[in-house]
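The structure under discussion appears below in the form of structure tokens.
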Amino acid sequence: MRGLPQLTAPVDPVAALTRIAWLLERDRQSTYRVEAFRKAARAAAEVGDDELRRRASARTLTDIRGIGKSTAAVITEAAAGEVPGYLQQLQDTAPASLAEGGDDLYAALRGDLHAHTDWSDGGASLDEMASAAAALGQEWLAITDHSPRLTVANGLSEERLTRQLDEIETLNDLLGDELRVLAGIEVDILDDGTLDQTDAMLDRLDIVTASVHSKLRMDSAPMTRRMVAAVCDPRVNVLGHCTGRRVVRGRGARPPSQFDAREVFSACAEHGTAVEINSRPERVDPPDELIALARDLGCLFAIDSDAHAPGQLDFKALGAHRAEEFGIEPDRIVTTWTVDRVIDWAGT
């Protein structure tokens, strides 16, 4: 695969279970199925290698809470020094890329300015998201969990975000040069264009990605004023999924919000706020005509995964394909920059 490198024997049982979860997420399999392997990985890690091998030999792995028949088979094969058959099958059948183009631009991407953890509505821990980003060859990753008013997504209060910042600092000490985790937020743009977090907390963050999540059907004029106010805020670095649309069929579909895109993107260009190319397959946001407009107005861009699980970090291949189709130069895409350059840009 172009993204995750294949695991070869010998494979640690916990690593095998975790990699299966990532590959299933990359393929957009059911959350229930993914969580079975993630739960088994947590259970196996708590038990320890020696006990896993003993139980694998005694065929009592399923006596451990969280380990079922299928996950026990993975552990048994890994404990025997083999690549588990199910893992190998997934590795062999996974497409090398999620997109049909954009390879050169994808290879140039160094990081991601929009990713979630189980602190809000993501499916994995902070350290697992960081591990997956490192495995994909990223140099840095911004964690941007939701802000307080988005209660449906378990948005972070000032107190919880403060605790997360402490965890990020500790994790960076452990990671060393392997990966840099940036402290960030996906902050809600409120009805009047203000931001859903205290000024003191926003000033502490490395990255602020601002998005509209409520009243998406607001009339064009007030929606334009709302978005312009946000992107002109010197603390905002990225305008996330600007139209809020969802292109899936059926009840999950959602039309784009209406606003004066020229006015909003002109403000982005003037204030150095990047327009996000959101890579989630159900979003495809901005639409093609808006990417072209932002390009022509001189905007910076951020190709982001909006990942809510480790395997989704590779969604950036879809965004890279779209950006390359529109001829956007890599140096205008902030997610191709070094972490030091990103921090300098975000702090100006």
Side-chain angles (χ1 to χ4, degrees), residues 1-5 22-23 25-28 94-115 129 132-142 144 179-180 182 184 207 209 237-243 245 247 261 265 268-269 272-346:
M1 290 181 296
R2 185 179 66 178
L4 288 167
W22 294 356
L23 290 168
E25 288 163 346
R26 185 178 186 264
D27 194 40
R28 307 188 74 200
S97 172
L98 296 177
E100 296 181 356
D103 288 9
D104 291 342
L105 184 51
Y106 177 92
L109 295 177
R110 297 172 183 262
D112 197 325
L113 290 172
H114 191 168
M129 292 296 288
L136 284 165
Q138 291 187 199
E139 298 175 14
W140 53 268
L141 172 69
T144 55
L179 183 85
R180 174 77 176 274
L182 302 181
I207 292 296
T209 292
N237 309 121
V238 181
L239 173 62
H241 49 67
C242 63
T243 76
R245 74 173 186 172
V247 298
F265 293 158
C268 286
T273 302
V275 174
E276 178 181 72
I277 298 177
N278 188 289
S279 301
R280 292 197 68 85
E282 72 272 22
R283 285 194 180 276
V284 196
D285 199 1
D288 289 354
E289 65 275 12
L290 294 193
I291 292 182
L293 177 61
R295 175 200 62 198
D296 294 346
L297 289 172
C299 292
L300 294 171
F301 292 89
I303 296 174
D304 292 332
S305 65
D306 193 358
H308 286 64
Q312 296 176 4
L313 288 166
D314 208 27
F315 284 173
K316 290 192 299 298
L318 301 171
H321 176 46
R322 297 189 71 211
E324 193 165 273
E325 279 189 317
F326 283 91
I328 300 171
E329 299 90 346
D331 199 54
R332 286 178 63 182
I333 300 169
V334 298
T335 39
T336 68
W337 296 356
T338 65
V339 68
D340 290 338
R341 186 178 176 189
V342 167
I343 290 173
D344 287 346
W345 157 73

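All heavy atoms count here, side chains included; hydrogens, waters and symmetry mates do not. What you are looking at is a predicted structure, and each value in this text was computed from that prediction instead of being measured.
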Can you find a pair of side-chain heavy atoms, one from R280 and one from Q312, that are under 4.5 Å apart?
-> yes
For the residue pair A274 and F301, what are the closest heavy atoms and their distance?
-> CB-C, 3.9 Å
Does some side-chain heavy atom of W337 sit less than 4.5 Å from a side-chain heavy atom of D331?
-> yes
Are the charged groups of E329 and R332 less than 4.0 angstrom apart, N to O?
-> yes
Atom pair CD (E324) and CG (D103), whose distance is rounded to the nearest 0.5 Å = 7.5 Å
Run the side chain to side chain contact (heavy atoms under 4.5 Å, CB included) check on I343 and L182 step by step: do they pass?
-> CA-CA 9 Å; I343 290 173; L182 302 181; 3.9 Å; yes
Taken to the nearest 0.5 Å, the spacing of C299 SG from L293 CG works out to 7.5 Å
What are the two closest non-hydrogen atoms of A132 and P310, and how far apart are they?
-> CB-CB, 3.5 Å
Measure the spacing between CD1 of I328 and OG1 of T336 and express it to the nearest 0.5 Å.
-> 11.5 Å
For I333 and A323, work out which heavy atoms get closest and say how close.
-> CD1-CB, 4.2 Å
State the OG-CG distance between S97 and D314, to the nearest 0.5 angstrom.
-> 7.0 Å
Just one of L313, I277, D112 clears the side chain to side chain contact (heavy atoms under 4.5 Å, CB included) bar with D304, so which one?
-> D112
For K316 and D306, what are the C-alpha separation, side-chain angles and deciding distance, and is it a salt bridge (charged side-chain N to carboxylate O under 4.0 Å, His left out)?
-> CA-CA 9 Å; K316 290 192 299 298; D306 193 358; over 6 Å; no
Give the intermediate values and the outcome of side chain to side chain contact (heavy atoms under 4.5 Å, CB included) for residues T338 and R110.
-> CA-CA 7 Å; T338 65; R110 297 172 183 262; 3.7 Å; yes
Q138/L179 under side chain to side chain contact (heavy atoms under 4.5 Å, CB included): CA gap, chis, key distance, verdict = CA-CA 7 Å; Q138 291 187 199; L179 183 85; 4.2 Å; yes
Is any side-chain heavy atom of N237 closer than 4.5 Å to a side-chain heavy atom of T209?
-> no
State, yes or no, whether a side-chain contact exists between F265 and V275 at a heavy-atom distance under 4.5 Å.
-> yes
Determine yes or no for a side-chain-to-main-chain donor-acceptor pair under 3.5 angstrom, with T335 supplying the side chain and A302 the backbone.
-> no
Minimal heavy-atom distance between L318 and S279, with the atoms involved, is CD1-O, 3.5 Å
Compare all side-chain heavy atoms of R26 with those of P95 and state whether any distance is below 4.5 angstrom.
-> yes
For the residue pair Y106 and H321, establish whether any side-chain heavy-atom pair is separated by less than 4.5 Å.
-> no
Show the numbers, then the answer: is there a side chain to side chain donor-acceptor pair (under 3.5 Å) between E276 and H241?
-> CA-CA 6 Å; E276 178 181 72; H241 49 67; 5.4 Å; no
Approximate separation, where rounding is to 0.5 Å, of F315 CZ and E282 CD = 7.0 Å
Could you please spell out the steps behind the side chain to side chain contact (heavy atoms under 4.5 Å, CB included) verdict for V284 and R245?
-> CA-CA 8 Å; V284 196; R245 74 173 186 172; 3.7 Å; yes
Starting at CG of L239, measure out to CG of N278 and round the result to the nearest 0.5 Å.
-> 11.0 Å
Taking the side chain as C-beta and beyond, is there a heavy-atom pair between S305 and H114 under 4.5 Å?
-> no
Between V238 and L300, is any pair of side-chain heavy atoms under 4.5 Å apart?
-> no
Test: R322 and D285 ion pair at under 4.0 Å = no
Just wondering, more than 12 heavy atoms not from E289 lying within 6.0 Å of its CD?
-> yes
